[in-house]
Amino acid sequence: MRPRIGITSWHHRDDDERWEAVLDSYTRAVLEVGGLPVILPIAITEVVLVEEYLETIDGLIMTGGADIHPSFYGQIVLERCGEIDEQRDRFEVELIHAARGRDLPFLGICRGLQVLNVALGGTLYQDLSYRAGTDPAHMSPRERRSEPAHPVAITPSSRLTGIIGSREVLVTSTHHQIIRDLAPELSASAVAPDGVIEAVEGPGRFLLAVQWHPERMAQRHPEQLALFRAFVEQAKERHQT
Ligand SMILES: [Mn+2]
């Protein structure tokens, strides 16, 4: 029995149409470790429907994408803030609160880490240039988005250490926003050499998010596929109990 893994989508636009899309690197990684990927459309904002979606899945992956509106963490939009999709923001923030209420296994990736931190009361820098001493290498050029860009040091006592199996690992980096204040219930489980928080985790069955893209590395880097495996195992256990 494959546990059903909800994967959040984003709006992909062209001239006069709009898709709710997911890159197949996410669905492939979930399939590879024994999960059944289920793409979640953004089409709803009512709390009751968020609950209905969560009723059908055993774990939730929050994917990468545009910037969350700074109003969610009490700021106005600054000049170097990127593209915003407020429909997606509202849907995902409600999903996080409802998923926490159900102790649903959660894996956040890139934007997913940022939305998790904000939904739980943390804040962001709207661009890495707003934080002194931040390495511009966090924003890799598009053609290098699947290549390791910098190392991260993993917190020894964290859940992430047990999954990755080492104290330091090389990761991709295609983010221009970073965590400023960490949400009270989260702790940093990986940090880049310049001090940027690269992974967070929290209490409960499985609450983990990374600033890099394990789905882009999973084919060539077994320790990144292990992240999906650990998450899907928890979804499977929850499904069986
Ligand atoms: Mn980075």
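This chain uses plain numbering: 1 for the first residue, then up along the sequence.
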Participant: Using the test side chain to side chain contact (heavy atoms under 4.5 Å, CB included), find all partners of E83 that sit at least two apart in sequence or belong to another chain.
Facilitator: R13, A66
Participant: Is it the case that the side chains of S25 and R28 hold a donor-acceptor pair, with the cut-off being a distance below 3.5 Å and no angle test?
Facilitator: no
Participant: Checking R142 now: which residues fulfil side chain to side chain contact (heavy atoms under 4.5 Å, CB included) with it, not counting sequence neighbours?
Facilitator: R145
Participant: Is there a donor-acceptor pair closer than 3.5 Å between any side-chain N or O of D58 and the backbone N or O of R4?
Facilitator: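 Yes, because the side chain of D58 sits within donor-acceptor range (under 3.5 Å) of the backbone of R4.
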Participant: Checking P148 now: which residues fulfil side chain to side chain contact (heavy atoms under 4.5 Å, CB included) with it, not counting sequence neighbours?
Facilitator: L170, M217, H221
Participant: Can you tell if the side chain of V38 reaches within under 4.5 Å of the side chain of I5, non-hydrogen atoms only?
Facilitator: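 V38 vs I5: side chains apart.
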Participant: Can you tell if the side chain of R100 reaches within under 4.5 Å of the side chain of P203, non-hydrogen atoms only?
Facilitator: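 A side-chain contact exists here, since the closest heavy-atom pair is under 4.5 Å.
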Participant: For residues 222-235, please give each side-chain donor-acceptor pair under 3.5 Å, one per line with the distance, not counting sequence neighbours.
Facilitator:
| from | atom 1 | to | atom 2 | distance (Å) |
| --- | --- | --- | --- | --- |
| Q224 | OE1 | W212 | NE1 | 2.8 |

Participant: Could you tell me whether the side chain of I68 reaches within less than 4.5 Å of the side chain of I84, counting heavy atoms only?
Facilitator: no
Participant: Working to the nearest 0.5 angstrom, can you tell me the gap between L128 CG and T134 OG1?
Facilitator: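 So the gap between those two atoms works out to 6.0 Å.
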Participant: Should I61 and L23 be counted in the same cluster of Ile, Leu, Val, Met, Phe, Trp and Tyr side chains packed under 4.5 Å apart?
Facilitator: yes
Participant: Between CZ of R238 and CZ of R205, what distance do you get to the nearest 0.5 Å?
Facilitator: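 Atom-to-atom, R238:CZ and R205:CZ are 6.5 Å apart.
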Participant: Out of curiosity, Y125 OH to R180 CZ, how far, rounded to the nearest 0.5 Å?
Facilitator: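 Going from OH on Y125 over to CZ on R180, the span is 4.5 Å.
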Participant: Would you say L120 and V118 are hydrophobically clustered, going by side-chain heavy atoms of ILVMFWY under 4.5 Å?
Facilitator: yes
Participant: Output yes when a side-chain donor or acceptor of E20 lies under 3.5 Å from a complementary backbone atom of I42, and no otherwise.
Facilitator: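 Flag set: sc E20 to bb I42 pair under 3.5 Å.
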Participant: I want to check something: taking the side chain as every heavy atom from C-beta on, are L186 and L116 in contact at a cut-off of under 4.5 Å?
Facilitator: yes
Participant: Is there a donor-acceptor pair closer than 3.5 Å between any side-chain N or O of D194 and the backbone N or O of D135?
Facilitator: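 Yes, the answer is positive, given that a donor and an acceptor are paired below the 3.5 Å cut-off.
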Participant: Once ring-ring contact (aromatic ring centres under 6.0 Å, His included) is applied, what residue pairs with a partner in residues 98-120 remain, sequence neighbours excluded?
Facilitator: none
Participant: Could you report the tightest heavy-atom contact between L31 and P37, atom names first, then the distance?
Facilitator: CD2-CD, 3.5 Å
Participant: Look at the side chain of E147 and the backbone N and O of S140, then say whether any donor-acceptor pair between them is shorter than 3.5 Å.
Facilitator: no
Participant: With hydrophobic residues grouped by side-chain heavy-atom distances under 4.5 Å, do M62 and I7 end up in a single group?
Facilitator: no
Participant: Are the side chain of S166 and the backbone of E168 linked by a donor-acceptor contact shorter than 3.5 Å?
Facilitator: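 Yes, S166 side chain to E168 backbone: donor-acceptor pair under 3.5 Å.
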Participant: Evaluate the side-chain proximity of D67 to L124: yes if any heavy-atom separation is below 4.5 Å, no if none is.
Facilitator: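 A side-chain contact is absent here, since even the closest heavy-atom pair is not under 4.5 Å.
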Participant: Any sub-3.5 Å donor-acceptor pair from R167's side-chain atoms to T161's backbone N or O?
Facilitator: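 No, the answer is negative, given that no donor and acceptor are paired below the 3.5 Å cut-off.
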Participant: Any side-chain to backbone donor/acceptor pair from N117 onto A183? Under 3.5 Å, distance only.
Facilitator: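 Pair found, side chain donor or acceptor close to backbone of A183.
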Participant: State, yes or no, whether a side-chain contact exists between C110 and H213 at a heavy-atom distance under 4.5 Å.
Facilitator: yes
Participant: Sequence neighbours left out, what passes side chain to side chain donor-acceptor pair (under 3.5 Å) with E55? Give chain and number order.
Facilitator: R102
Participant: Do I96 and Y53 share a hydrophobic cluster (ILVMFWY, side-chain heavy atoms under 4.5 Å, transitive)?
Facilitator: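 Linked, I96 and Y53 end up in one cluster.
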Participant: Under the side chain to side chain contact (heavy atoms under 4.5 Å, CB included) test, which residues partner S71, sequence neighbours left out?
Facilitator: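 For S71, the residues satisfying side chain to side chain contact (heavy atoms under 4.5 Å, CB included) (neighbours in sequence not counted) are H69.
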Participant: Is a side-chain N or O of D24 found less than 3.5 angstrom from the main chain of T27, in a donor-acceptor match?
Facilitator: no
Participant: Which pairs count as ring-ring contact (aromatic ring centres under 6.0 Å, His included) when at least one residue sits in residues 143-193, sequence neighbours excluded?
Facilitator: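 Residue pairs passing ring-ring contact (aromatic ring centres under 6.0 Å, His included), neighbours aside: H138-H150, H138-H175.
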Participant: Give the intermediate values and the outcome of side-chain contact (heavy atoms from CB on, under 4.5 Å) for residues V200 and L208.
Facilitator: CA-CA 6 Å; V200 301; L208 203 154; over 6 Å; no
Participant: Look at the side chain of S189 and the backbone N and O of L160, then say whether any donor-acceptor pair between them is shorter than 3.5 Å.
Facilitator: no
Participant: Which pair of non-hydrogen atoms, one from T155 and one from S158, has the smallest distance, and what is that distance?
Facilitator: O-OG, 2.6 Å
Participant: Restricting to non-hydrogen atoms, name the atom on S9 and the atom on P41 that form the minimum distance, rounded to 0.1 Å.
Facilitator: OG-CA, 3.6 Å
Participant: Checking E92 now: which residues fulfil side chain to side chain donor-acceptor pair (under 3.5 Å) with it, not counting sequence neighbours?
Facilitator: T8, R88, R111
Participant: Who passes side chain to side chain donor-acceptor pair (under 3.5 Å) against R80, sequence neighbours left out?
Facilitator: S129
Participant: Is it the case that one hydrophobic cluster holds both Y130 and L113, taking links as side-chain heavy atoms less than 4.5 Å apart, direct or via other members?
Facilitator: no
Participant: Side chain of Q177, backbone of D127: donor and acceptor closer than 3.5 Å?
Facilitator: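 No: the side chain of Q177 does not pair with the backbone of D127.
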Participant: Which residue pairs pass the ring-ring contact (aromatic ring centres under 6.0 Å, His included) test with at least one member in residues 4-26, sequence neighbours excluded?
Facilitator: H12-W19
Participant: In chain order, what residues pass the side chain to side chain donor-acceptor pair (under 3.5 Å) check against T123, with sequence neighbours excluded?
Facilitator: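 Side chain to side chain donor-acceptor pair (under 3.5 Å) check on T123 returns D181.
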Participant: How about T63 and I109: do any of their side-chain heavy atoms sit closer than 4.5 Å?
Facilitator: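 Of all side-chain heavy-atom pairs linking I109 with T63, none is under 4.5 Å.
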Participant: Are the side chains of Q126 and Y73 in touch, meaning some heavy atoms are under 4.5 Å apart?
Facilitator: yes
